[in-house]
K.L.:
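Here you go, one structure.
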Amino acid sequence: MIDLKALRENPDLFITGAEQKGVDVDIPRLVELDAQIRALKAEQESLKAQQNKLAKEVGPQIGQLMGKMKSATGEEKSAIQAQVEQIKSAPAALKAQIQELDEKISAIEPDLTTIHLRIPQPADSDVPVGASADDNIELSTWAPNWWDKNKSFEANKGFKPRTHIELCTMHNLVDYPRGVKIAGSRSYILTGDGMRLHQAILRYAFDTMVNINGFKPMSVPVLVREEAMIGTAFFPGGKDQAYEVNETSRGGGQDMYLTGTGEVGLMGIHQDEILDEAELPLKMVTVSTCFRREAGAAGKDTAGLYRIHQFDKVEQVIIDVADEATSRKHHQSMMSFVQSLLQTLELPHRLLQCCTGDLGTKNADMIDIECWMPGRGDEDDAGTPAGDYGETHSASRLYDYQCRRLNMRYRQGGDAGKGPTTICHSLNNTVAASPRILIPLLEMHQNADGSVNIPSPLQPYMNGQSKIG
RNA sequence: GGAGCGGUGGCAGAGCGGUUGAAUGCGCUGGAUUCGAAAUCCAGUUGGGCUUCUGGUCCACGGGGGUUCGAAUCCCCCCUGCUCCGCCA
């Protein structure tokens with residue numbers, strides 16, 4: 001959610017920001033509604049001020065008269081009664097006017113809120129302007145010394161690659177048909193070593209974040225209220241992407257939503273709180289099951305483990321003071337955690353600067369990390385895929401966009417401190433999302449006979465096993 | 001699922017229709033006292049919006065609606081916590 005004050009001062013910034021992100025939202029209309037509602041409220045407030053003033057005068061008068069009334073007789077009584085009614089009439093007249101304004105205000109407010117929530121955070125000026133993922137820019141690449149990214153898989157390793165789908169079948173790592181039987185398309189069952197590898201990478205990623213990078217381990221709800229989805233800015237825009245548990249239709253108090261990322265739970269923790277500056281930055285990590293409808297992705301990446309409805313993800317979040325330089329620094333460090341993780345797993349990858357059209361509504365900046373997946377890309381005449389990068393991580397820098405919605409603030413010196421409260425800045429990044437990360441793990445570390453080497457950091461999590469198959 | 005009792009400022013905890021945005025205590029900040037500290041005393045200490053901003057004003061006592069000239073206080077709905085019973089991984 002953007003700051004309305006900032007919008008008033010510089011609407012063009014937000015209009016341009018929305019255009020660059022390809023978001024269709026009527027910002028001039030909001031500016032207009034905002035002016036209207038403020039004028040109405042100002043008018044209403046001055047009436048309320050009069051009302052409050054009168055109420056303070058009227059109260060004691062009535063009290064006094066009521067006192068007199070008790071000892072009064074017949075005629076006196078009705079005279080006092082009339083006086084009381086007289087006194088009451090002035091505030092009553094004000095009340096009608098206030099109510100009238102109330103109606104005007106509530107006629108405008110829903111519209112205003114709807115537009116307000118949809119205005120995206122303008123991208124930072126150093127984010128390249130572009131329409132879609134095609135305009136993203138490669139920032140850097142990394143590969144282990146045994147891999148030359150300019151050569152084909154076969155040229156690097158001396159044999160043609162099997163896709164992860166073939167490898168999974170070969171070693172019984174995944175059971176797709178039975179997964180689909182239970183839960184429909186894009187569902188799967190990890191079996192045997194498939195499940196073990198899945199758990200190993202999650203544990204490795206989680207432990208690294210906690211033990212080495214000093215993040216606080218958390219378990220958070222994945223079934224949440226709408227407020228949490230709106231607060232974290234996944235709603236209203238992304239409502240199509242979330243599974244809904246429709247409790248109200250069976251008489252429950254509220255509908256719930258399955259989160260598509262642990263970010264929702266982590267960010268929701270300190271909603272509506274004023275944090276002590278001394279306890280910042282908050283660095284938290286969680287591992288949670290993520291649910292995505294993948295609405296609109298029909299026919300895309302239908303095979304394999306790439307695009308699925310349910311997966312597990314280790315997610316990192318940082319909440320800190322409102323300072324651009326600090327946010328940028330955290331952004332870099334959160335990416336570096338991932339880079340070193342991928343390096344220890346010997347997975348070639350690249351950093352991709354997302355352009356404005358690919359940022360999403362809430363980000364000022366986003367950098368994706370993509371791993372090389374030999375089984376992706378176009379196939380040649382012999383049916384061998386060329387390989388391609390596939391997104392495995394996404395590092396977002398949000399400034400105060402999310403925390404403003406969540407009403408998450410901090411103050412110097414904490415509760416006892418002085419000075420104004422300030423809205424926090426937040427950032428988030430994937431650490432490891434599995435089973436998608438199994439794709440490069442299996443495909444990159446496969447041998448000519450189809451067996452797969454397990455990277456050494458994962459071996460302790462697999463009871464010392466060094467190879468699948 | 002049933003029954004009962006609650007949700008008030010950073011915390012604890014009063015108020016239960018009228019100068020109450022809120023007693024009191026704790027905490028915190030400043031001052032006095034002291035060589036200094038403790039103790040003591042005095043003062044201050046909720047958040048947010050609008051504004052013609054050394055000021056004015058409105059809103060908020062879980063959330064929303066209602067009654068009333070006036071609501072933290074009465075009524076309705078929802079959320080939520082605790083206790084007991086039931087069920088249960």
Side-chain angles (χ1 to χ4, degrees), chain A residues 1-9 30-31 33-69 80-99 101-110 112-113 116 219 221 223-231 245 247-257 268-279 289 400 403-424:
Chain A
M1 182 159 60
I2 60 153
D3 184 1
L4 279 180
K5 264 187 205 160
L7 177 72
R8 279 173 216 143
E9 282 164 19
L30 178 65
V31 174
L33 290 175
D34 175 55
Q36 281 178 22
I37 214 162
R38 274 186 302 148
L40 289 170
K41 279 186 176 169
E43 194 184 339
Q44 192 189 38
E45 276 178 21
S46 74
L47 289 173
K48 279 187 180 175
Q50 288 180 50
Q51 189 188 36
N52 286 342
K53 202 175 159 198
L54 273 175
K56 277 183 187 168
E57 291 168 6
V58 159
Q61 287 175 24
I62 292 178
Q64 216 177 0
L65 290 170
M66 296 308 260
K68 272 189 193 170
M69 187 114 90
I80 292 171
Q81 188 70 46
Q83 212 177 337
V84 168
E85 292 309 316
Q86 166 71 29
I87 291 170
K88 281 183 179 178
S89 65
L94 282 173
K95 194 184 173 185
Q97 293 180 53
I98 290 169
Q99 270 173 349
L101 286 168
D102 236 357
E103 279 162 28
K104 285 185 185 169
I105 289 169
S106 30
I108 297 177
E109 218 153 34
L112 189 145
T113 308
H116 191 188
S219 156
L223 185 62
V224 305
R225 305 174 159 203
E226 188 175 21
E227 285 87 333
M229 298 300 277
I230 291 173
V245 179
E247 280 292 289
T248 51
S249 71
R250 43 134 71 172
Q254 55 195 313
D255 293 334
M256 305 286 277
Y257 299 86
I269 293 172
H270 295 288
Q271 179 165 7
D272 288 319
E273 291 184 22
I274 298 175
L275 301 165
D276 184 343
E277 189 183 9
E279 62 185 317
T289 304
D400 63 2
C403 292
R404 184 184 307 281
R405 291 193 183 210
L406 290 164
N407 193 26
M408 194 190 303
R409 294 161 291 166
Y410 69 95
R411 174 163 42 201
Q412 279 197 336
D415 295 326
K418 290 183 172 170
T421 58
T422 312
I423 296 172
C424 300

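Atom set for the values below is all heavy atoms of this structure, side chains included, hydrogens, waters and symmetry mates excluded. Within every chain, numbering begins at 1; the chains are lettered A, B, ... in the order of the sequence lines, protein sequences first and strands thereafter.
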K.L.:
When you look at Arg409(A) and Thr422(A), which way does the side-chain contact (heavy atoms from CB on, under 4.5 Å) test go after all the steps?
P.N.:
CA-CA 5 Å; Arg409(A) 294 161 291 166; Thr422(A) 312; over 6 Å; no
K.L.:
Show me the dot-bracket string of RNA chain B, counting Watson-Crick or G-U pairs under 3.5 Å, with | for pairs to another strand and [ ] for crossing ones.
P.N.:
((((((((.[[[..)..(.....]]]((((((.......))))))((((((...)))))).[[[[[..)....]]]]])))))))....
K.L.:
With the threshold set at 4.0 Å, does a side-chain nitrogen-carboxylate oxygen contact exist between Lys41(A) and Glu109(A)?
P.N.:
yes
K.L.:
Please give the distance between the P atoms of U73(B) and G9(B) as a whole number of Å.
P.N.:
15 Å
K.L.:
G66(B) and G27(B): how far apart are their C1' atoms, nearest whole angstrom?
P.N.:
39 Å
K.L.:
Rounded off to whole Å, could you give me the CG-to-P distance for the Leu47(A) and C59(B) pair?
P.N.:
12 Å
K.L.:
Mind calculating the distance between OH (Tyr410(A)) and P (G48(B)) to the nearest angstrom?
P.N.:
13 Å
K.L.:
Tell me, with the steps shown, if Asn407(A) and Gln271(A) meet side-chain contact (heavy atoms from CB on, under 4.5 Å).
P.N.:
CA-CA 6 Å; Asn407(A) 193 26; Gln271(A) 179 165 7; 5.7 Å; no
K.L.:
Which whole-number value in Å describes the distance from Ile274(A) CD1 to U45(B) P?
P.N.:
17 Å
K.L.:
Figure out the CD1/P separation between Ile37(A) and C59(B), and round it to whole Å.
P.N.:
16 Å
K.L.:
Answer yes or no: is there a donor N or O on one side and an acceptor on the other, between the side chain of His270(A) and the main chain of Leu275(A), under 3.5 Å?
P.N.:
no
K.L.:
Would you measure the distance from the C1' atom in C69(B) across to the matching atom in C79(B) and give it in whole Å?
P.N.:
32 Å
K.L.:
Is the shortest side-chain heavy-atom distance between Met229(A) and Val224(A) below 4.5 Å?
P.N.:
yes
K.L.:
Between P on A60(B) and CG on Asn407(A), what's the gap in Å once rounded to a whole number?
P.N.:
17 Å
K.L.:
Using a 4.5 Å cut-off on heavy atoms from C-beta on, say whether the side chain of Leu4(A) contacts that of Arg8(A).
P.N.:
yes
K.L.:
Please measure how far the C1' atom in U52(B) lies from the corresponding atom in U57(B), and state the result in whole Å.
P.N.:
13 Å
K.L.:
Reckon Lys48(A) touches a base, only the sugar-phosphate, or nothing at all at heavy-atom distances under 4.0 Å?
P.N.:
sugar-phosphate
K.L.:
Nearest nucleotide by nearest heavy atom, which residue falls closer to the 5' end of RNA chain B, Ser46(A) or Arg225(A)?
P.N.:
Ser46(A)
K.L.:
Please figure out whether Ala42(A) or Arg409(A) has its closest RNA chain B nucleotide nearer the 5' end.
P.N.:
Arg409(A)
K.L.:
Taking the P atom in each of A38(B) and U33(B), what is the distance between them to the nearest angstrom?
P.N.:
15 Å
K.L.:
For nucleotides A14(B) and A89(B), find the distance between their P atoms and express it as a whole number of Å.
P.N.:
41 Å
K.L.:
Can a side chain N or O of Lys5(A) be found less than 4.0 Å away from OP1 or OP2 on C50(B)?
P.N.:
yes
K.L.:
For Gln99(A) and U67(B), give me the distance from atom CD to atom P, rounded to whole Å.
P.N.:
7 Å
K.L.:
Please tell me if Arg38(A) has a side-chain N or O lying less than 4.0 Å from either OP1 or OP2 of U51(B).
P.N.:
yes
K.L.:
Quickly work out the Glu45(A) CD to C53(B) C1' distance and round it to whole Å.
P.N.:
15 Å
K.L.:
At what distance, to the nearest 0.5 angstrom, does CD of Glu43(A) lie from CG of Leu101(A)?
P.N.:
4.5 Å
K.L.:
Suppose you measure atom P in C53(B) against the same atom in G63(B); what distance do you get, rounded to whole Å?
P.N.:
33 Å
K.L.:
Suppose you measure atom C1' in G17(B) against the same atom in G13(B); what distance do you get, rounded to whole Å?
P.N.:
22 Å
K.L.:
Within the distance-only criterion (no hydrogens, no angle test), does the side chain of Arg405(A) pair as donor or acceptor with the backbone N or O of Ile230(A) below 3.5 angstrom?
P.N.:
yes
K.L.:
Find the distance Glu277(A):CD to C28(B):P and express it as a whole number of Å.
P.N.:
20 Å
